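Accompanying notes for the structure given below.
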Amino acid sequence: IADWKGLDPALARLSRQIAAGEPAVDPFMLLFCCTEPEEILKACQNAALAREASVDDIWGAGLFRHDAAPGKKIRVGYVSANFYDHAVGTLIGQLLESHDRRAFEIFCYCHSPVKSGQRRERIKRAADHFIDIDALDDLQAAKRIHADGIEILVDLMGYTKGHRLRIFSLRPAPVQVTWIGFAGSAGGRSADYIIADGVVIPPTDDRFYDEKPVRMPVCYQVNDGARRLAEHPMTRSQFGIPEDAVVFCNFNQTAKITPPVADLWAAIMGAVPNSVLWLWSLFDAGTRNLRREMAERGVSPERVHFGATLPDAEHLSRYGLCDLFLDSFPYCGHATASNALFGACPVLTLPGRTFASRVSASLLTALDLKDLIAASPEDYVRKAVALARDAKKRKALKQHLANARATSPLFNGARFAGDIEKAYRIMVKRHRAGAAATAIEIAV
């Protein structure tokens, strides 16, 4: 809710707790405020050690044996609580539909409390087997996965809300992978591989992950190219946005907006008097606090607007009304950034040292828009102000992105399926040969 009172001492206390090995620090919450990958890894390892000790105390280690004999098809199991109208559920639909059924058999293990919805039904249709494990405890779920003969088990959640990483600590599958839900390591023995790319995890950063990185050729983030914009044109006036203003936007959740972000946004708006800022907040307190924080930085409240939650097609089209998405840090836009780009809104980002801070940079690199990756806070302000004053450049960027919806591999889930299947084949080949996991590079 953007209540930043006492934030600095709270973050200092958090760092001390992580260094002391306290497992109660939530690694996911850390992504919103931490700029050091070493600290994030330590928090993940603390949580993993506590989880694994609990699993071993209750059930004992090494419950499952894994046969290295090849089956007719590679059985891949995806585990998530987000097989519904959630960011992850939105991203993976086309991938699941596009897997090569001659070589792969796809299982989705769902532990979501949400039991209906269009995306859930689409995912159910896309999977060869859709198994609801919500009513099973972790050991029962692990036994089901092992009995199904899963050779590659993929965690789509990491430390996000509702995760079931204890299943992965039980090691029901011989090859385990963490991907897309959490921008960091699962820690410990939970996964052998982490799906990444050369921007979010460059080779020099491998030491910040307990898993071996698998670097995808375009971007680690899969996208669904079958998504559609609204059928009817939308206007700024219907949302109370001035038609003649330069519209900066950020529809990330409020937790991603930090005091340094607000400082830079205020500097940008101070240099662009005819601009407004369009945000999104679930909570009235967040709306009030952000308006107050921006006012304290010299931005009058009437220049800060808040948008409501919209159906997917309308939400994507709303981005077309905006001139520039001002990214947050150290937790930048992930699915939010790809939504903006799909909706033809340029994204200006400021990456740091963490995976969570580099996702937008990865998306922009895939779209050949590296000029929108700022090198410093000062560069971030300079680039934003320059774009605000250059309508011709903004129009060209929007056209580039509109064309990319149909032409870029970033927005092609079927293409991504082929790439990740190459990775799965390498993982399985190494396992069947008795070789340890290793970093994998998937060629273009």
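Because the structure is a prediction, the values reported are computed rather than measured. Computed from heavy atoms alone, side chains included, the values below leave out hydrogens, waters and symmetry copies.
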Can you name the nearest heavy-atom pair linking Ile18 to Asn46, along with the distance?
O-ND2, 3.1 Å
Flag the pair Thr90 / Arg227 as yes when at least one side-chain heavy-atom distance between them is below 4.5 Å, and no otherwise.
yes
Would you say the side chains of Glu421 and His99 form a donor-acceptor pair under 3.5 Å?
yes
Is any side-chain heavy atom of Leu282 closer than 4.5 Å to one of Thr254?
no
Counting only heavy atoms from other residues, nucleotides and ligands, does the tally under 6.0 Å from CZ of Arg207 exceed 12?
yes
Value rounded to 0.5 Å, distance of CG in Asn250 from SG in Cys322
10.0 Å
Would you call Arg119 and Asp312 a salt bridge, using N to O less than 4.0 angstrom?
yes
Side-chain donor/acceptor of Asn339 to backbone N/O of Leu316, under 3.5 Å
no
Hey, are the side chains of Ile133 and Cys110 touching, using non-hydrogen atoms and a 4.5 Å cut-off?
no
Within the 3.5 Å criterion, strictly below it, is a donor on Arg353 or Thr35 matched to an acceptor on the partner's side chain?
no
Around atom CD of Gln118, are there more than 12 heavy atoms from other residues, nucleotides or ligands closer than 6.0 Å?
no
Could you give the distance from CG (Leu401) to SG (Cys345), rounded to the nearest 0.5 Å?
8.0 Å
Are any side-chain N or O atoms of Glu211 and backbone N or O atoms of Ala186, one a donor and one an acceptor, separated by less than 3.5 Å?
yes
Crowding at CZ, Arg13 (>12 non-hydrogen neighbours, <6.0 Å)
no
Lys212, NZ: over 12 other non-hydrogen atoms inside 6.0 angstrom:
no
Ignoring hydrogens, what is the shortest heavy-atom contact between Phe182 and Gly158? Give both atom names and the distance.
CB-CA, 3.5 Å
Decide if atom NZ of Lys143 counts as having more than 12 heavy atoms of other residues, nucleotides or ligands within a radius under 6.0 Å.
no
For Arg101, does the CZ atom have more than 12 heavy-atom neighbours from other residues, nucleotides or ligands under 6.0 Å away?
yes
Leu290 and side chain to side chain contact (heavy atoms under 4.5 Å, CB included): which partner among Leu277, Leu279, Ile1?
Leu279
With distance as the sole criterion, is a donor-acceptor pair present between the side chains of His129 and Glu105 under 3.5 Å?
yes
Donor-acceptor under 3.5 Å (His334 side chain, Ala356 main chain)
yes
Could you report the tightest heavy-atom contact between Asp327 and Trp265, atom names first, then the distance?
O-NE1, 4.0 Å
With a 4.0 Å cut-off on N to O distance, would you call Arg164 and Asp134 a salt bridge?
no
Asp100 and Arg102 ion-paired at < 4.0 Å:
yes
Would Val428 and Ile426 satisfy side-chain contact (heavy atoms from CB on, under 4.5 Å), going step by step from the backbone distance to the final call?
CA-CA 5 Å; Val428 166; Ile426 295 170; over 6 Å; no
Roughly how far apart are Ile180 CD1 and Asp155 CG, rounded to 0.5 Å?
11.5 Å
Between Phe355 and Tyr220, ring centroids under 6.0 Å:
yes
Supply the atom-to-atom distance Glu22 CD to Gln17 CD, rounded to the nearest 0.5 angstrom.
4.5 Å
Is the number of heavy atoms from other residues, nucleotides or ligands within 6.0 Å of CZ (Phe283) greater than 12?
no
Under the side chain to side chain donor-acceptor pair (under 3.5 Å) test against Ser190, which residue among Arg166, Gln176, Arg51 passes?
Arg51
Ser357 and Thr354: side-chain donor and acceptor closer than 3.5 Å?
yes
Give a yes or no answer on whether the side chain of Arg394 reaches the backbone of Leu324 with a donor-acceptor pair at less than 3.5 Å.
no
Ion pair present between Asp192 and Arg171, side-chain N to carboxylate O less than 4.0 angstrom?
yes
So, Phe83 versus His86, ring centres under 6.0 angstrom or not?
no
Test item: Arg75 side-chain N/O and Lys73 main-chain N/O as donor-acceptor pair under 3.5 Å:
no
Donor-acceptor contact present, side-chain Glu52 to main-chain Arg189, <3.5 Å
yes
Show, in sequence, the C-alpha distance, side-chain angles and deciding distance for Val79 and Met157, and conclude whether the side-chain contact (heavy atoms from CB on, under 4.5 Å) test is met.
CA-CA 8 Å; Val79 182; Met157 298 195 69; over 6 Å; no
Could you check if a side-chain atom of Thr178 sits within less than 4.5 angstrom of a side-chain atom of Ser185, using non-hydrogen atoms only?
no
Asp323 with Lys398: basic N within carboxylate O range, under 4.0 Å
no
Are Phe130 and Tyr109 close enough that their ring centres sit under 6.0 Å apart?
no
Between Arg215 and Asp206 (salt bridge meaning N to carboxylate O under 4.0 Å), is one present in this structure?
yes
Quick check: closest heavy atoms across Asn252 and Ser328, and the distance to 0.1 Å?
ND2-OG, 3.2 Å
Is the distance between the ring centroids of Tyr78 and Phe107 under 6.0 Å?
no
For this output row, return yes or no: ring centroids of His66 and His146 closer than 6.0 angstrom.
yes
Treating Asn403 as the side-chain partner and Gln399 as the backbone partner, does any N or O pair qualify as donor plus acceptor under 3.5 Å?
yes
N/O donor-acceptor pair under 3.5 Å between Lys256 side chain and Tyr331 backbone:
no
Would you check if Leu410 and Leu367 make a side-chain contact, meaning some heavy-atom pair closer than 4.5 Å?
yes
Non-hydrogen atoms of Val347 and Ala340 that approach each other most closely:
CG2-CB, 3.9 Å
Would you indicate whether Lys72, at its atom NZ, is surrounded by more than 12 heavy atoms from other residues, nucleotides or ligands within a distance under 6.0 Å?
no
Student check: side-chain heavy atoms of Thr349 and Phe325 closer than 4.5 Å:
no
Side-chain donor-acceptor pair under 3.5 Å between Ser338 and Gln221, yes or no?
yes
Interatomic distance, CE@Met234 vs CG@Leu229, rounded to 0.5 Å, equals 10.0 Å
Validation row: Val385, Tyr380 side chains within 4.5 angstrom (heavy atoms)
no
Between Trp278 and Phe251, is the gap from one ring center to the other below 6.0 Å?
yes
Judged by atom type as modelled, is there a donor-acceptor pair below 3.5 Å linking the side chain of Arg358 to the main-chain atoms of Gly352?
yes
Closest approach of Tyr159 to Ala48 (non-hydrogen atoms, all atoms of both residues):
OH-N, 3.7 Å
Please tell me if the side chains of Leu364 and Leu341 come closer than 4.5 Å, counting only heavy atoms from C-beta onward.
yes
Is there a donor-acceptor contact under 3.5 Å from the side chain of Ser112 to the main chain of Tyr84?
no
Rounded to the nearest 0.5 Å, the CD1 atom of Ile40 sits from the CZ atom of Phe208 at a distance of 10.0 Å
Tell me if the aromatic rings of Tyr424 and Trp179 count as close, with their centers under 6.0 Å from one another.
no
